[in-house]
Amino acid sequence: MPTIDRIDAFADELTAIRRDLHAHPEIGFEEVRTSGIVAEKLGQWGIEVHRGIGGTGVVGVLKGKGEGSRRIGLRADMDALPMDEATNLPWRSTIPGRFHGCGHDAHTTMLLGTARYLAETRNFDGTVHFIFQPAEEGLGGARAMLKDGLFEKFPCDEVYGLHNAPDLGHGEIAIRPGPAMAGADFFDITISGYGAHGAMPERSKDPVVIAMTLGQVLQTIVSRNVDPLQSAVLSITQIHSGSAYNVIPGEARLAGTVRAFSDEIRNLIRTRMRAVAAGIAAAFEVDIKVDIRDIFSVLVNAPEHSERVAEVARSIVGDANVKTRETPKMGSEDFADMLQAVPGAYFWIGHDGNVPLHNPGFVLDDKILPVGASMFARLIETRLPVGGYDGATHV
């Protein structure tokens, strides 16, 4: 049972949708055009449409055959990245500083393909909620939808999400039960020193020197405070200070991210960051403000639902192409917040190409669109089988 024939039959239409979305990317909470296309397509297929969930989010509701009461959510993210594209494809981004460099245009298209197929066949017993989420790229789109009452308005017994994966081979599908992606914090640190002439440093409290010192000490937190058998990352990704060659500035700013797979480790790192900053502030007699923001939760796949994904994947791509990831990914994903509210699983679909995500030269392989749409569709048909749910998979 490979990809679904009916979905293969309209694969060219899916490619056209995906390339149109790619050419007109919108970043988080600005997905007005994208959500409009999603809502229009769902409505054309006879699916009940709800807009404005979490800002620009869209939810489609479709009931299958029978009187089944079980409900499953399928989620796709819609937002692009605030970066330029460097591919020269005919369908490349037409908007400077906006690029679908993570493949969310494909995720949206896959879920639309699933919605079209299920609306045509309704070969399931229960209700499907098609969740099109805004602002996954660090802006809190999942939390915005949850705050808007996503699962109160559209209750789900289980929920599934996916992501394209250029680090896997074409046709491979990967899943990892348990902690699968790291939780993440973003931080901003502001050092308020005292400026002076570059030739008279003794009259300053030099925030540049203090920033360099603080940056070095922050790098000891993971190596000297976190258990070596635990995984964690603290990366300083921005340093901003100064405007002239002969002026010691009055302020310096550091920014970056922290990643870990347990809330205990994340709290430890936050505590040590604040303590280190306070100590250096006292030593240099300056003020240092530390702002640490919880952006992504740890993504945890429920073992039962992970196995269901693997079983469905084997029916579509074959046993040899279904992989269980041995190690979690240090990257983060805000679908984690939905999985904290409802059990489910998040999986990866491999494709041709070796340029990584978030690279200006990233190119998505459109051949995976029917694979993702078929995965979502088979999950619904096997988890909500006509004739009643009995806890089995019915692949």
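In what follows, residues are counted from 1 in the order of the sequence shown. Keep in mind that the numbers below use all heavy atoms, side chains included, and drop hydrogens, waters and symmetry copies.
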### Message
Please tell me whether Arg51 and Ser35 have a donor and an acceptor in their side chains that are separated by less than 3.5 angstrom.
### Response
yes

### Neighbour count >12 (heavy atoms, 6.0 Å) for atom CG, Asp188
yes

### Message
Run the side-chain contact (heavy atoms from CB on, under 4.5 Å) test on Ile295 and Asp185 for me, step by step, so that the C-alpha distance in whole Å, both residues' side-chain angles and the decisive distance to 0.1 Å come before the verdict.
### Response
CA-CA 5 Å; Ile295 303 297; Asp185 296 336; 5.8 Å; no

### Verdict with supporting geometry, Glu381 and Tyr117, side chain to side chain donor-acceptor pair (under 3.5 Å)
CA-CA 11 Å; Glu381 291 177 339; Tyr117 167 77; 2.7 Å; yes

#### Entry: Pair Lys289 + Asp287, salt bridge at N-O below 4.0 Å
yes

### Exceeds 12 heavy-atom contacts within 6.0 angstrom, atom NZ of Lys147
no

### Message
Looking at Asp263, is its backbone amide N or carbonyl O close enough to the side chain of Asn267 to form a donor-acceptor pair, meaning the two atoms are under 3.5 Å apart?
### Response
yes

### Message
Quick check for you: to the nearest 0.5 Å, what is the distance between Ile175 atom CD1 and Lys323 atom NZ?
### Response
14.5 Å

### Query
Is Asp77 close to Glu137 at the side-chain level, that is, under 4.5 Å between some pair of heavy atoms?
no

#### Entry: Stacked cation flag Arg116 on Phe10, 6.0 angstrom / 45 deg
yes

#### Entry: Donor-acceptor under 3.5 Å (Ser93 side chain, Arg98 main chain)
yes

### Distance in Å, Ile280 CD1 paired with Ile191 CD1, rounded so as to fall on 0.5 Å steps
8.0 Å

### Message
Whether the side chain of Asn354 engages the backbone of Pro166 through a donor-acceptor N/O pair (distance < 3.5 Å, no angle test) should be reported.
### Response
no

### Query
Ion pair present between Asp294 and Arg266, side-chain N to carboxylate O less than 4.0 angstrom?
yes

### Task
If the plane angle is over 60° it's perpendicular, under 30° parallel, otherwise tilted; pick one for Tyr346 and Trp348.
perpendicular

### Message
Using 0.5 Å steps for rounding, measure from the NE2 atom of His24 to the CD1 atom of Ile37.
### Response
8.0 Å

### Message
Check this for me: Glu285, atom CD, are more than 12 non-hydrogen atoms of other residues, nucleotides or ligands nearer than 6.0 Å?
### Response
no

### Query
Would you say the side chain of Arg33 lies within less than 4.5 Å of the side chain of Glu26, judging by non-hydrogen atoms?
yes

### Task
Give a yes or no answer on whether the side chain of Asp20 reaches the backbone of Ala16 with a donor-acceptor pair at less than 3.5 Å.
no

### Message
Run the ring-ring contact (aromatic ring centres under 6.0 Å, His included) test on Phe347 and His163 for me, step by step, so that the C-alpha distance in whole Å, both residues' side-chain angles and the decisive distance to 0.1 Å come before the verdict.
### Response
CA-CA 6 Å; Phe347 57 96; His163 206 291; over 10 Å; no

### Task
Determine the sole option in Asp366, Asp105, Thr94 for which the side-chain hydrogen bond (donor to acceptor under 3.5 Å, both in side chains) test with His22 is passed.
Asp105

### Query
Is atom CD of Gln238 surrounded by more than 12 heavy atoms (other residues, nucleotides or ligands) closer than 6.0 Å?
yes

### Query
So, do Val317 and Val371 sit near enough that their side-chain heavy atoms are less than 4.5 Å apart?
yes

#### Entry: side chain to side chain donor-acceptor pair (under 3.5 Å) evaluation trace for Ser262 with Glu264
CA-CA 5 Å; Ser262 82; Glu264 180 182 4; 5.1 Å; no

### Task
Please report the closest heavy-atom contact between Pro328 and Phe261, naming both atoms and the distance.
CB-CE2, 3.4 Å

### Query
Does Asp125 come within less than 4.0 Å of Arg383, counting only side-chain N to carboxylate O?
no

### Message
Would you compute the distance between atom CD1 of Ile53 and atom CD of Gln133 and round it to the nearest 0.5 angstrom?
### Response
12.5 Å

### Query
If you draw a 6.0 Å radius around CD in Glu202, do more than 12 non-hydrogen atoms from other residues or ligands fall strictly inside?
yes

### Message
Is there a side-chain contact between Met145 and Met338 in this structure, where contact means two heavy atoms from C-beta onward sitting under 4.5 Å apart?
### Response
yes

### Message
Would you compute the distance between atom CG of Asp352 and atom CG of Asp365 and round it to the nearest 0.5 angstrom?
### Response
4.5 Å

### Task
May I ask you to say whether Lys329 pairs ionically with Asp167, meaning some side-chain N is under 4.0 Å from a carboxylate O?
yes

### Derivation of the side chain to side chain donor-acceptor pair (under 3.5 Å) call for Ser332 and Arg259
CA-CA 8 Å; Ser332 301; Arg259 310 285 169 127; 2.9 Å; yes

#### Entry: Check: Thr190 and Glu251 side chains under 4.5 Å, non-hydrogen atoms
yes

### Task
Examine distances only and state if a side-chain atom of Glu136 and a backbone atom of Asp334 form a donor-acceptor pair shorter than 3.5 Å.
yes

### Salt bridge present between Glu333 and Arg75 (N-O < 4.0 angstrom)
yes

### Task
Carefully, step by step, assess Thr324 and Arg176 under the rule side chain to side chain donor-acceptor pair (under 3.5 Å).
CA-CA 5 Å; Thr324 299; Arg176 176 180 168 79; over 6 Å; no

### Message
What verdict does the side-chain contact (heavy atoms from CB on, under 4.5 Å) test give for Val58 and Leu42, after you've listed the backbone C-alpha separation in whole Å, the side-chain angles of each residue and the deciding distance to 0.1 Å?
### Response
CA-CA 10 Å; Val58 180; Leu42 296 178; 4.1 Å; yes

#### Entry: Rounded distance (nearest 0.5 Å) linking atom CG of Asp206 with atom CD1 of Ile248
4.5 Å

### Message
Under a 3.5 Å distance rule, please check whether Ser235 uses its side chain to pair with a backbone N or O of Gly256 as donor and acceptor.
### Response
no

### Query
Is the shortest side-chain N to carboxylate O distance from Arg325 to Glu172 below 4.0 Å?
no

#### Entry: 4.5 Å side-chain heavy-atom contact, Val300 and Leu339
no

### Query
Would you call Asp8 and Arg6 a salt bridge, taking side-chain N to carboxylate O under 4.0 Å as the test?
no

### Query
Is the shortest side-chain N to carboxylate O distance from Glu158 to Arg70 below 4.0 Å?
yes

### Message
Quick one, Thr114 with Leu74, criterion side-chain contact (heavy atoms from CB on, under 4.5 Å). Give me CA distance, side-chain angles, the key distance, then yes/no.
### Response
CA-CA 9 Å; Thr114 302; Leu74 302 175; 4.0 Å; yes

### Task
State whether the side chain of His107 and the backbone N or O of Asn164 hold a donor-acceptor pair below 3.5 Å, judged by distance alone.
yes

### Task
Verify, without hydrogens or angle tests, whether Thr220 (side chain) and Val217 (backbone) share a donor-acceptor contact under 3.5 angstrom.
yes

#### Entry: Whether over 12 other heavy atoms sit under 6.0 Å from Gln219 CD
yes

#### Entry: Ring centers of Phe151, His129 separated by less than 6.0 Å
no

### Query
Looking only at atom types and distance, does a side-chain atom of Asp148 sit under 3.5 Å from a main-chain N or O of Gly54, one as donor and one as acceptor?
yes

### Query
Can you tell me if Glu31 uses its side chain to pair, donor with acceptor, with the backbone of Phe29 under 3.5 Å?
yes

### Task
Go through His100 and Leu364 one step at a time and tell me if the side-chain contact (heavy atoms from CB on, under 4.5 Å) criterion holds.
CA-CA 9 Å; His100 270 296; Leu364 187 115; over 6 Å; no

### Message
Does Asp227, at its CG atom, have more than 12 non-hydrogen atoms belonging to other residues, nucleotides or ligands within less than 6.0 Å?
### Response
yes

### Query
Val290 versus Phe187: any side-chain heavy-atom pair under 4.5 Å?
no

### Query
Just wondering, are more than 12 heavy atoms of other shown residues or ligands nearer than 6.0 Å to CZ in Arg203?
no

